[in-house]
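Only one structure is covered here, and it is reproduced in the block below.
Fair warning: this is a prediction, and the values are worked out from it, not measured in the lab.
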Amino acid sequence: KGLMTLVDEARQNELIKLMEDHLVGSKRASGGSACNSIIAASYFGAKTFYSCKVANDENGIFFRDDSKAAGVTTQSGELPEGTTGKCLVMITPDAERTMNTFLGISETLDESQLDTAAISQSQYVYLEGYLVTSPSGKQAAIKARQIAEEHNIKTSLSLSDPGMVQFFADGLKEMIGDKVDLIFCNQDEALGWTKTENIEQAAEEMKKSARTFAITLGKDGALVFDGETMTR
């Protein structure tokens with residue numbers, strides 16, 4: 001509960017079938033960790049570009065069109081053949097979201113999905129921590145950060161999930177490099193990343209990885225460091 005589990009398409013379909021009598025509130029939407037953030041930024045008035053990989057199938061076409069409707073620009077050109085990745089998100093009454101994700105073609109995202117011109121014209125480049133699970137995706141994230149740094153563009157990263165921190169810490173360190181400008185994480189991710197026992201210690205250690213950061217604390221709000229002042 002509360003975590004993301006990678007599954008194959010057969011397992012995902014099995015779960016959907018088991019819940020077919022309980023899907024009265026279900027709906028389909030383009031999404032994903034970074035995609036949700038980019039769409040939100042677009043709704044707040046930001047000009048956005050999203051690097052991703054979906055296939056030329058029903059879900060891929062839906063994703064492309066839904067993102068465009070939200071004002072988000074993505075790569076141009078024909079969609080490749082394959083199966084678009086899908087995430088089954090189950091939300092419990094306590095607002096926890098439990099996810100079962102079939103990566104599909106998104107698992108093969110690589111540097112060819114990057115747009116150097118879009119990166120060089122940005123104020124921020126935002127990297128999704130989940131990319132660490134894919135060798136080519138991780139390398140694409142590292143390359144995006146390097147392009148951003150070459151053009152003096154600020155860099156940001158989400159730790160994404162406690163499981164990413166627990167099992168892929170070395171890969172996340174590669175994605176971060178010396179230091180990024182901004183890290184987003186929740187309390188569990190912060191404690192796991194810094195290997196500390198309380199949020200105050202975690203915040204101090206987090207300064208080694210990011211110039212600024214925001215640690216969400218559930219019902220207690222968030223702990224934010226703006227580079228000088230810590231605010232809770």
Side-chain angles (χ1 to χ4, degrees), residues 4 25 27-54 59-77 79 84-87 89 91 95 97 99 106 109 113-131 137 140-141 143-161 175-176 179-187 189-190 206 209-232:
M4 188 278 289
K27 64 178 181 178
R28 178 172 64 167
S30 58
S33 175
C35 178
N36 292 336
S37 299
I38 293 298
I39 286 177
S42 179
Y43 283 157
F44 276 115
K47 186 177 180 181
T48 58
F49 184 97
Y50 184 55
S51 293
C52 59
K53 191 169 187 179
V54 295
N59 285 308
I61 294 169
F62 173 86
F63 184 98
R64 182 193 62 191
D65 294 346
D66 198 41
S67 300
K68 183 178 180 181
V72 176
T73 303
T74 58
Q75 304 100 296
S76 59
L79 298 177
T84 297
K86 298 177 288 293
C87 181
V89 185
I91 303 172
R97 88 282 183 271
M99 301 179 291
S106 69
L109 183 142
Q113 274 74 59
L114 300 178
D115 188 307
T116 300
I119 293 174
S120 64
Q121 294 171 41
S122 299
Q123 290 180 290
Y124 264 99
V125 165
Y126 177 46
L127 309 174
E128 180 183 295
Y130 283 125
L131 289 174
K143 182 65 175 179
R145 173 181 56 76
Q146 291 171 338
I147 295 171
E149 290 171 344
E150 289 169 5
H151 290 85
N152 296 314
I153 307 302
K154 290 186 177 181
T155 54
S156 58
L157 175 139
S158 168
L159 293 181
S160 294
D161 188 277
M175 288 171 61
I176 289 170
K179 187 177 284 190
V180 291
D181 291 290
L182 174 62
I183 281 181
F184 295 101
C185 61
N186 63 28
Q187 183 167 328
E189 293 156 4
M206 191 69 73
S209 302
R211 296 174 183 87
T212 64
F213 53 81
I215 305 172
T216 58
L217 305 173
K219 63 181 178 61
D220 296 321
L223 182 65
V224 177
F225 179 63
D226 66 3
E228 296 182 359
T229 305
M230 199 85 69
T231 306
R232 185 167 180 170

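Lys179 NZ: more than 12 foreign heavy atoms inside a 6.0 Å radius.
Here the CG atom belonging to Asn59 is positioned 13.0 Å from the CZ atom belonging to Arg64, to the nearest 0.5 angstrom. Residue Thr216 holds its OG1 atom at 4.5 Å from CG of Asn186, rounded to the nearest 0.5 Å. A distance of 6.5 Å separates OG in Ser51 from CG in Asp115, rounded to the nearest 0.5 Å. Atoms CD and OG1, from Gln113 and Thr74 in turn, are 11.0 Å apart once rounded to the nearest 0.5 Å. To the nearest 0.5 Å, atom OG of residue Ser160 and atom CG of residue Leu127 are 10.0 Å apart. Taking OG1 of Thr212 as the reference point, atom CD of Glu228 lies at 11.5 Å (rounded to 0.5 Å).
Summarising the geometry of Ala210 relative to Ile183, their closest heavy-atom pair is CB-CG1, 3.7 Å, with the distance given to 0.1 Å. Gly71 and Thr48 get closest at one heavy-atom pair: O-OG1, 3.9 Å. What you find for Ala141 and Leu131 is that their closest heavy atoms are CB-CD1, 4.0 Å.
The side-chain heavy atoms of Met230 and Val224, taken from C-beta on, include no pair separated by under 4.5 Å. Between Ile39 and Ser30 there is a side-chain heavy-atom pair separated by less than 4.5 Å. Contact annotation: the side chain of Ile61 approaches that of Leu79 to within less than 4.5 Å [non-hydrogen atoms, C-beta and beyond]. The shortest side-chain heavy-atom distance between Tyr126 and Ser158 falls under the 4.5 Å cut-off. Side-chain contact between Leu223 and Thr231 is absent, with no heavy atoms from C-beta onward closer than 4.5 Å.
Looking at Glu128, its side chain does come within 3.5 Å of a backbone N or O of Ala34 through a donor-acceptor pair. Within the 3.5 Å criterion, the main-chain N or O of Phe62 finds no donor-acceptor partner in the side chain of Asp66. Between the side chain of Ser122 and the main chain of Ile153, no donor-acceptor pair closer than 3.5 Å is present.
Paired with Asp181 under the rule salt bridge (charged side-chain N to carboxylate O under 4.0 Å, His left out), one option of Arg145, Arg211, Lys154 passes, and it is Arg211.
Under the 30°/60° scheme for interplanar angles, the aromatic rings of Tyr50 and Phe63 are found to be tilted.
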